[in-house]
Amino acid sequence: ALSMHRCVGVTAPPTGMPRLRELCMAGCAGLRTAPTDMPSLELLDLEGCTNLRAPPTCMPHLQQLSMRGCTRLAHQTVDLPALRVLEKSI
């Protein structure tokens, strides 16, 4: 698990962590892109990432995703086959 909670200066997600299972980036207001290269990720918290433009993609094991407060999120179709819980509201 990796917590980057409220790292407001972060504009991009971490990379090179193929075995990471949980990532919390809640409150990272500067984040513009969601993680895409984390095949083992099961839980992703992006709540309050107000500059996030696109949802995560290509995460075959992602089961829980929170995007509450992601006010600039564009509507896109994503393929998250294992997703069980989606939390999204403005």
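Atoms considered below: every heavy atom in the structure, side chains included; atoms not considered: hydrogens, waters and symmetry mates.
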| Under 3.5 Å, is there a donor-acceptor pair linking the side chains of Asn51 and Arg32? |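 Asn51 vs Arg32: no donor-acceptor pair found between side chains.
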What distance do [X] atom [atom1] and [Y] atom [atom2] have between them, rounded to the nearest 0.5 Å?
X     : Y     : atom1 : atom2 : value
Ser40 : Met59 : OG    : CE    : 10.5 Å
Cys28 : Arg6  : SG    : CZ    : 10.5 Å
Leu52 : Arg72 : CG    : CZ    : 11.0 Å
Leu80 : Leu86 : CG    : CG    : 8.5 Å
Met25 : His5  : CE    : NE2   : 12.0 Å
His61 : Arg21 : NE2   : CZ    : 9.0 Å

Do the non-hydrogen side-chain atoms of [X] and [Y] ever get within less than 4.5 Å of each other?
X     : Y     : answer
Leu44 : Pro56 : yes
Pro13 : Thr33 : yes
Leu83 : Gln63 : no
Asp37 : Cys58 : no
Met67 : Leu73 : yes
Val85 : Leu65 : no
Leu2  : Cys24 : no
Glu47 : Cys70 : no

message: Show the nearest heavy-atom pair for residues Ala34 and Leu46, with the distance to one decimal.
response: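 Nearest pair, atom of Ala34 first, then Leu46: CB-CD1, 4.2 Å.
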Restricting to non-hydrogen atoms, name the atom on Pro60 and the atom on Ala82 that form the minimum distance, rounded to 0.1 Å.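 Shortest heavy-atom contact: O-CB, 3.3 Å.
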Cluster link Leu41 to Met17, ILVMFWY, side chain under 4.5 Å: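 Yes, it is one cluster - the side chains of Leu41 and Met17 are joined through contacts under 4.5 Å.
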**Item:** Verify same cluster id: Leu23, Val10 (apolar side-chain graph, 4.5 Å)
**Value:**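 Result: yes, single cluster for both.
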Do other residues, nucleotides or ligands put more than 12 heavy atoms under 6.0 Å from Arg53 CZ?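 Count over threshold, so yes.
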query = Checking side-chain contact (heavy atoms from CB on, under 4.5 Å) for the pair Thr11/Leu31: CA distance, chi angles, key distance, verdict?
reply = CA-CA 4 Å; Thr11 59; Leu31 187 69; over 6 Å; no
